[in-house]
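All chains are named by letter (A, B, ...) in the order of the sequence lines, taking the proteins before the strands, and each is independently numbered beginning at 1. These numbers were taken from a predicted model, which means no experiment stands behind them.
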2 protein chains.
Amino acid sequence: MSAKRIVPEPQPRGPELDKRKAYILTTVVYEYIATAEPVGSATLTHKYNLGVSSATIRNEMAELEARGYLVQPHTSAGRIPSDTGYRTYVDRLMPPETLTPEENEHVRVEFAKAGRALDEIIEQTTKLLAQLSQNLAVVVAPSRDTQTFRHLQLIWLAERSILMVVVTTAGVAEQHVIEPETSVDPDDLTRYSNALNKRLSGKLLPELDYEAVEAALFDIRPHVQPSVIDGVARGLAATRRPEERRILFGGAHHLLDQPEFRDLKKLRSILDLVEEQRTLYQVILDSIEKGDAPTVRIGGELELDDMSECSLVTIPYRMGDRSMGVLAVLGARRMPYGRMMALVSATAGNLSQHLTDVALP
Amino acid sequence: MSAKRIVPEPQPRGPELDKRKAYILTTVVYEYIATAEPVGSATLTHKYNLGVSSATIRNEMAELEARGYLVQPHTSAGRIPSDTGYRTYVDRLMPPETLTPEENEHVRVEFAKAGRALDEIIEQTTKLLAQLSQNLAVVVAPSRDTQTFRHLQLIWLAERSILMVVVTTAGVAEQHVIEPETSVDPDDLTRYSNALNKRLSGKLLPELDYEAVEAALFDIRPHVQPSVIDGVARGLAATRRPEERRILFGGAHHLLDQPEFRDLKKLRSILDLVEEQRTLYQVILDSIEKGDAPTVRIGGELELDDMSECSLVTIPYRMGDRSMGVLAVLGARRMPYGRMMALVSATAGNLSQHLTDVALP
DNA sequence: GTTAGCAGTCTGCGAAAGTGAGTGCCAAGA
DNA sequence: TCTTGGCACTCACTTTCGCAGACTGCTAAC
């Protein structure tokens, strides 16, 4: 559940924060996340039990600013956390959070309602995550390449037209039309189907190339016409390029609630990112590390122009022990990190469990 | 290609517009669509060849306002068209528009690139329409109820677990898991599949209820266990409730380019509509009439709160001679209606053609 | 029926002034 | 050496005011 630090490497500026400085940094982050207003020394002494006067807080805050944890939007304003400040908060200061029992139950129920069709599950997950996070939810759908072959059926459509239906263990059924050079006997199609199912079931889709299909058919019929073998292999191994992997979005309208997106330019840059997909896909994939813990990237750590006001929380999900895709929440840098992490963890956990449950044997 | 009038009934206020008034109304609409600024009498005399002075135009505009075609945002501003003004423009004054040969070619090429999978086609169409219209594109996906059954295959998974794959003529393959009360012999599954394919192919999915399945199996096996019949029938006829029909959106970010959505409230109300789906679905379906012509609903005609600044252009699309769904463009009321209508016509035409081409025999 | 001219209205913009939140620093106190 | 009250200062934000500009409606003349 602990976040991974990605970029940049922590710069040890002077000694560790002492207890009071750590507490002040914590309260500033907490208060700023809650109010979206720069936090002043008086606010802290009033709202939190610090035991010292505002003047002392001022001194401490000046020090925290000098060390790079806080910044002042302008001379006569309170402080807001810098990327480093947020990073320290997330990694070391933040209290661990969990969802309420009701929320956990809600997530559980939503997944219990979900069907078996992969597309539908993924779509519902996106909606759920958007609703819970009140931010932009992003889901990278499973790659076809991680799915294993379960069953196929060749169906005679017309003289030179064969329909091939492929079922994967993820419960995805897709169809391809094969147009052989010369007509094939319908009974042969059934024999081909049986042979292929027997030999290839359980293999990863990308492995099923021309040679694999030819070999699987060899026993029952050494000289199947190449156009059929080719058609079958294409249908099985046909894979989208990775950058074309499906990405789903949900809850963009929640962004309008955040004061940071009152500024149309910032809203624009985030929506453009959504539109472009490729960049976002790259960033999300870069964020993922081994293991099932959520990863946080804060502001400038995203290394995207115009995204310095945003943060991204990502977590992988799986089917069985195979990684399938990624859930992410993209929102203002001023987001409740603890809650977001608890939330993506719970969602990813339930999603993984559900996918594993509905996987075909 | 001519728009349908929906709501409200035209109120014949006084005589028809004379030629000059009609021309002035046309130029006001045209100019306002182009500039988003209220149009004054001086602007018209300068930019258009009216042959009379601005004072005359003022008199005419006052008359047009009195008759309900124009309104003044405030006393000392120029005029903008009212719903009635736009309606008159769309129905009677607007010059017919067509896409440029390059644009037509672009649309053609995009569809030529599209695959055979229904989901993919619909998704790409949404993107294309958003890109061309530079507005919010909305696509109501085909209902499962309009598709005919083409093929099914029952596949033995485990002792009490059968996978049923269903293929429709729209080229959609979907899978359902059936859990019979007692185990079924794998060879029997093949026999069932063959019988069902032979008897039911070509029927509409919603017709395939318990009785239909039972009857189709009766010849080969009079007493198939009810749990299997029920499972098959559910898988075939299983239909989402109509209000759960899938709706796709694209190009929401284009709205940010329109000056009318600088105001976050208006942006908000349109995004909320998108989120809610049900209302929008209803409005889009209400808009559709018989025939393949685009339908326009302007501002208040939508009868939606907070949508008085928006217009909707809708058009149905089909596969073969069966209506499948609706394309729509939702944007500011100040939209280039002629172009939008040409655009949805072209897109729907190509989409219908493509769907018809890829339909399974 | 058309036109020039003029008074009147309203918006939008920028400057000026006032308000308030919050800081930094200093000198005294613990 | 750390803490604190006090004070001067800074800067954003808001309000007000006045002015320029865009348009209209109306009237009287053509």
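- Within 6.0 Å of CG on B/Asp305 lie no more than 12 heavy atoms contributed by other residues, nucleotides or ligands.
- Straight-line distance from the CG atom of A/Leu70 to the C1' atom of C/dG24: 16 Å, rounded to whole Å.
- Sorted by first and then second residue, the salt bridge (Lys or Arg N to Asp or Glu O under 4.0 Å) pairs with a member in residues 35-44 of chain A form an empty list; sequence neighbours excluded.
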**Prompt:** Run the side-chain contact (heavy atoms from CB on, under 4.5 Å) check on A/Tyr69 and A/Tyr86 step by step: do they pass?
**Reply:** CA-CA 8 Å; A/Tyr69 294 99; A/Tyr86 279 118; over 6 Å; no
Show the distances under 3.5 angstrom between N or O atoms of the protein and N or O atoms of nucleotides 27-30 of chain C.
none

**Request:** Please lay out, stage by stage, how B/Leu70 and B/Ser82 fare under the test side-chain contact (heavy atoms from CB on, under 4.5 Å).
**Result:** CA-CA 5 Å; B/Leu70 298 178; B/Ser82 66; over 6 Å; no
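- Dashed line: the shortest gap from a side-chain N or O of A/Ser53 to OP1 or OP2 of D/dT4 is under 4.0 Å.
- Contact check for A/Ile247 versus A/Val139: no side-chain heavy atoms found under the 4.5 Å cut-off.
- With rounding to whole Å, B/Ile24 atom CD1 is found 13 Å from C/dT2 atom C1'.
- At whole-Å resolution of the value, OH in A/Tyr32 and P in C/dA21 are 19 Å apart.
- Computed from coordinates, the B/Ile57 CD1 to C/dG1 P distance equals 15 Å when rounded to whole Å.
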**Request:** Using the side-chain contact (heavy atoms from CB on, under 4.5 Å) rule, take B/Ile57 and B/Val52 through it: C-alpha gap first, then chi angles, then the decisive distance, then the call.
**Result:** CA-CA 7 Å; B/Ile57 304 297; B/Val52 290; 3.6 Å; yes
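- A donor and an acceptor atom, one from each side chain of B/Thr279 and B/Gln282, are nowhere located under 3.5 Å apart.
- A/Glu63 has its CD atom 15 Å from the C1' atom of D/dT3, to the nearest Å.
- Atom P of nucleotide C/dG22 and atom CD of A/Glu31 are separated by 10 Å, given to the nearest angstrom.
- In this structure, A/Lys21 places its NZ atom where more than 12 heavy-atom neighbours from other residues, nucleotides or ligands lie under 6.0 Å away.
- Between the NZ atom of A/Lys47 and the P atom of C/dA21 there is a distance of 14 Å, given to the nearest Å.
- With 3.5 Å as the limit, one finds a donor-acceptor pair spanning the side chains of B/Tyr48 and B/Glu31.
- As judged by a 4.0 angstrom heavy-atom cut-off over every strand, B/Ser54 is placed among residues making no nucleic acid contact.
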Sequence neighbours excluded and cut-off under 3.5 Å, please list the side-chain donor-acceptor pairs for residues 72-79 of chain A, or say none.
from, atom 1, to, atom 2, distance (Å)
A/Gln72, NE2, A/Thr75, O, 2.8
A/Gln72, NE2, A/Ala77, O, 3.0
A/His74, ND1, A/Ser76, N, 3.4
A/Arg79, NE, A/Glu65, OE1, 2.9
A/Arg79, NH2, A/Glu65, OE1, 2.8

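- Sorted by first and then second residue, the salt bridge (Lys or Arg N to Asp or Glu O under 4.0 Å) pairs with a member in residues 48-58 of chain B form an empty list; sequence neighbours excluded.
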**Message:** How would you summarise protein contacts on nucleotides 12-21 of chain D per nucleotide, using B for base, S for sugar-phosphate only and - for none, with heavy-atom distances below 4.0 Å?
**Reply:** S---------
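- As a whole-Å value, the separation of B/Ile80 CD1 from C/dC10 C1' is 16 Å.
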**Asked** With the sugar-phosphate defined as primed atoms, P, OP1 and OP2, and the base as all remaining atoms, what B/S/- string results for nucleotides 25-30 of chain D, 5' to 3', for protein heavy atoms under 4.0 Å?
**Response** B-----
